[in-house]
Amino acid sequence: QVQLVESGGGLVQAGGSLRLSCAASGRTFSSYVMGWFRQAPGKEREFVGAINRLGGSAAYADSVKGRLTISRDNALNTVYLQMNSLKPEDTAVYFCAARLEFELRDNPNDYPYWGQGTQVTVSS
């Protein structure tokens with residue numbers, strides 16, 4: 001089991017930046033592929049990006065490529081989501097998620113462990 005806690009959300013103007021953090025506890029953090037997802041009101045949860053166990057490879061949704069970057073620090077048991085050039089359509093609750101298998105997946109059903117989410121609001 002792994003427990004996940006997100007932080008760093010808030011209100012930001014369009015064009016601004018935020019960095020989200022997800023702290024993990026429990027089994028060895030480096031055993032997990034970590035993903036970020038988001039869910040806007042009235043919409044389904046959607047894939048933002050994922051990073052492999054050692055942090056050497058990441059995958060992103062087309063809508064965020066070039067603006068959002070995932071990184072991880074296995075020594076600190078933390079994964080980050082750096083968000084730049086934010087747009088109002090980025091407004092959502094952002095969740096981190098974990099899976100033990102090594103593949104990067106974009107389906108939320110492939111991630112058994114989830115944090116509680118952190119709200120990001122981008123004003124125009």
Side-chain angles (χ1 to χ4, degrees):
Q1 284 270 355
V2 63
Q3 292 78 45
L4 305 173
V5 178
E6 301 95 336
S7 61
L11 174 64
V12 63
Q13 288 188 333
S17 298
L18 278 176
R19 189 176 81 156
L20 306 184
S21 299
C22 173
S25 61
R27 273 186 68 177
T28 306
F29 179 66
S30 59
S31 300
Y32 294 90
V33 164
M34 300 300 297
W36 283 97
F37 292 80
R38 65 188 182 186
Q39 188 166 17
K43 295 188 176 182
E44 293 188 351
R45 193 165 297 189
E46 67 170 355
F47 174 74
V48 174
I51 190 167
N52 71 351
R53 291 179 291 186
L54 296 183
S57 178
Y60 299 92
D62 288 343
S63 59
V64 306
K65 279 181 182 176
R67 300 188 299 116
L68 276 58
T69 303
I70 299 174
S71 61
R72 67 190 295 165
D73 187 333
N74 287 344
L76 295 179
N77 287 1
T78 302
V79 62
Y80 304 98
L81 180 64
Q82 177 66 45
M83 303 190 293
N84 299 328
S85 302
L86 283 164
K87 305 174 181 180
E89 51 263 44
D90 294 318
T91 296
V93 177
Y94 283 71
F95 299 88
C96 68
R99 65 190 303 268
L100 272 173
E101 290 75 12
F102 64 87
E103 301 95 341
L104 303 184
R105 295 289 179 88
D106 60 6
N107 188 331
N109 293 326
D110 290 326
Y111 292 78
Y113 307 107
W114 290 83
Q116 83 289 349
T118 186
Q119 176 71 48
V120 171
T121 303
V122 184
S123 63
S124 57

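No donor-acceptor pair closer than 3.5 Å links the side chain of T118 to the backbone N or O of Y94. At distances below 3.5 Å, not a single donor-acceptor pair connects side-chain atoms of Y111 with backbone N or O atoms of V33. In this structure a side-chain-to-backbone donor-acceptor pair under 3.5 Å is present from N52 to S57.
Taking a 6.0 Å sphere around CD of Q116, one finds it holds more than 12 heavy atoms contributed by other residues, nucleotides or ligands.
Atom CG of N77 and atom CD of Q3 lie 11.0 Å apart (nearest 0.5 Å). If you take OG1 on T78 and CE on M34, they are separated by 9.0 Å, rounding to the nearest 0.5 Å. With rounding to the nearest 0.5 angstrom, the CD atom of Q13 is 9.5 Å from the OG atom of S124.
Taking Ile, Leu, Val, Met, Phe, Trp and Tyr as members and joining any whose side-chain heavy atoms lie under 4.5 Å apart, directly or through other members, L11 forms no hydrophobic cluster with any other residue.
In this structure, the side-chain hydrogen bond (donor to acceptor under 3.5 Å, both in side chains) partners of N74, at least two apart in sequence or on a different chain, are R72. For D90, the side-chain hydrogen bond (donor to acceptor under 3.5 Å, both in side chains) partners two or more places apart in sequence, or in a different chain, are R38, R67. Partners of S30 according to the side-chain hydrogen bond (donor to acceptor under 3.5 Å, both in side chains) rule, which considers only residues two or more places apart in sequence or in another chain, do not exist here.
Put simply, V93 and L68 are part of two different groups of oily side chains (I, L, V, M, F, W, Y) that touch within less than 4.5 Å, one to the next. Under a hydrophobic clustering in which Ile, Leu, Val, Met, Phe, Trp and Tyr are joined whenever their side-chain heavy atoms come within less than 4.5 Å, directly or via other members, V12 and W36 fall into the same cluster. Taken together through direct or relayed side-chain contacts under 4.5 Å among Ile, Leu, Val, Met, Phe, Trp and Tyr, Y80 and L86 form parts of separate hydrophobic clusters.
Using a 4.5 Å heavy-atom threshold, the side chains of M83 and V120 count as touching. Contact annotation: the side chain of T91 approaches that of Q119 to within less than 4.5 Å [non-hydrogen atoms, C-beta and beyond].
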Which side-chain N or O atoms in residues 95-104 pair as donor and acceptor under 3.5 Å with protein atoms at least two apart or in another chain?
unit_1	atom_1	unit_2	atom_2	d
R99	NE	D110	O	3.0
R99	NH1	E103	O	2.6

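Annotation for A14 and P88: closest pair CB-CD, 4.1 Å, computed over non-hydrogen atoms. Nearest heavy-atom pair across A24 and F29 is CB-CD1, 3.4 Å.
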*Apply side-chain contact (heavy atoms from CB on, under 4.5 Å) to the pair L20 and E6, showing each step before the final yes or no.*
CA-CA 7 Å; L20 306 184; E6 301 95 336; over 6 Å; no

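A ring pair (Phe, Tyr, Trp, His ring centres under 6.0 Å) check over residues 41-61, counting only residues at least two apart or in different chains, returns the pairs F37-F47.
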